[in-house]
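Letters A, B, ... mirror the listed sequences (proteins, then strands); counts begin at 1. Because the structure is predicted, anything quoted here is derived from the model rather than measured.
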Amino acid sequence: MIYLQLFLEFFKIGLFCFGGAFGMIPLIEETVISRGWLTEAEFFNLLGVCESTPGPIAVNTATYVGSVMGGPFGSIAATLGVVLPSFLIILLIAAVLKNLTNNKYFKGFMRGVKPVVVALILSTGSMLLLKAIGFAGLHEFKVDIVCLVILALFLGIYYAVTCLWKKKLSAVKVVLLSAGLGIVVSMVFEAMKV
Amino acid sequence: MLLELFFTFAKIGLFTFGGGYAMIAQIKEIVVEQKKWMDDEELMQIITVAESTPGPIAINMATYMGYKKKGVAGSVLATLGVVVPSLVILYVISLFLDTFLQNKYVAYAFTGIKCGVAFLILRAGFGLLKKVEKGLIPRLTFGIVFALMILFDLLSVSFSSVWFILMGGVIGIVLYAVLSPKKEVE
């Protein structure tokens, strides 16, 4: 029953998502890869789309994965799943447990979770970066030169722009810049081969 | 009023890119400055609750604000408001993405985007790293979880990071609530 599976997996993701949208990316990656719902490459595409479309990243990924796996009802099931834990917890706090966020055990839990979440985000980011430049396993590391060049140019432009404007580039601009570099660099490499 | 809640949050969902924190600025502008539904202090209180509970911050804020304005019905409509635009947009994209990717240039663009998204995740992670508490145990927790996650990934061991989160939470409860029972003043 794919709808129930989608609902339950995304319910779990919504429940254990601490530290904003980026905190749930490690969980989403684990879930979709271990369930065989998406390949590593599809997961990258998904991230690119979800970071550059409006709305909460969590809802975007849930809708997308749900739709790929189970059509329109799949997307609704996954989205409901990811939203419901937040909705219920907040309702509970707003209506009944007004002081939950001041409870010392609750606060202790949240404080203890924080360094874990940061570690999860950074380790996921590092592995994604390695995979982006061609890492596929300890014995299969063929460096993807095109991606390496894109990455080097991207970092150069990003830091130049950040220094000049003294402003961080937004997520959408980062995606657009990297997309543009992807097209240009790939075309140059293609032209050189011919 | 209920419909207004829905449409206000739909607008917020439709016009904020980049998730969570970008949304807070947008919510402040619309809800506090334009609609005057609440003052800055109330908003701050809601942000604190939204940040210290699990789940996407935008959803948490919409639910809380909807409830404050119009009870349970309000919270349902405000939450739906944030969700529906994303749901529709991403559903439509999911129908066409595979076809788009057959196009050579779109595929090239996504080659670049791979690097871009990895960078975004690392940027968010380093931003949060600066806020990790000083002290041996938070740093040790960070180091151990980071090292184990990388190791598991390299060796293709599957281990759900939910367990790391729960362990961190238990350590937190023991450390900050059981062992140091002195009352904390916020």
Students often mix this up, so state it plainly: with edges at 30° and 60°, are the rings of [X] and [Y] parallel, tilted or perpendicular?
X: A:W37; Y: A:F10; result: parallel
X: B:F96; Y: B:F100; result: tilted
X: B:F119; Y: A:Y159; result: perpendicular

Heavy-atom distances under 4.5 Å only: say whether [X] touches chain B with side chain, backbone, both or neither.
X: A:L181; answer: neither
X: A:I93; answer: side chain
X: A:A95; answer: both

Inset, instruction - Considering only heavy atoms, give the residues of residues 150-158 of chain A separated from chain B by less than 4.5 Å, sorted numerically, with 'none' for an empty result. - result: A:I150, A:L151, A:F154, A:L155, A:Y158
Legend entry - Heavy-atom contacts under 4.5 Å, residues 58-69 of chain A to chain B: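 Residues of residues 58-69 of chain A touching chain B at under 4.5 Å: A:A58, A:V59, A:N60, A:T63, A:Y64, A:S67.
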Top contributor to chain A interface from [options] [non-hydrogen pairs under 4.5 Å]:
options: B:P54, B:P138, B:S75; answer: B:P54
options: B:L14, B:L155, B:I171; answer: B:L14
options: B:N60, B:I137, B:I12, B:I59; answer: B:N60
options: B:G116, B:A62, B:A118, B:G169; answer: B:G169
options: B:I89, B:V145, B:I165; answer: B:I165
options: B:I121, B:T141, B:L166; answer: B:I121

Given heavy-atom pairs under 4.5 angstrom as the criterion, report whether the side chain, backbone, both or neither of [X] touches chain A.
X: B:V117; result: side chain
X: B:V106; result: neither
X: B:L148; result: neither
X: B:V82; result: both
X: B:R123; result: side chain

Inset, instruction - Using a strict cut-off of less than 4.0 Å between a Lys/Arg side-chain nitrogen and an Asp/Glu carboxylate oxygen, indicate whether A:K131 and A:E29 qualify as a salt bridge. - result: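 Counted as a salt bridge, because a side-chain N and a carboxylate O are separated by less than 4.0 Å.
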Legend entry - Neighbour count above 12 (heavy atom, 6.0 Å) for B:E41 CD: no
Inset, instruction - State whether the number of non-hydrogen atoms from other residues, nucleotides or ligands found under 6.0 Å of A:K173 atom NZ is greater than 12. - result: no
Legend entry - Passing candidate, side chain to side chain contact (heavy atoms under 4.5 Å, CB included) with A:P115, options B:L128, B:V132, B:L129: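 It is B:V132; the other options fail the test.
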Inset, instruction - Considering only heavy atoms and a distance below 4.5 Å, find which of A:A94, A:S178, A:S34, A:P85 pairs most often with chain B. - result: A:S178
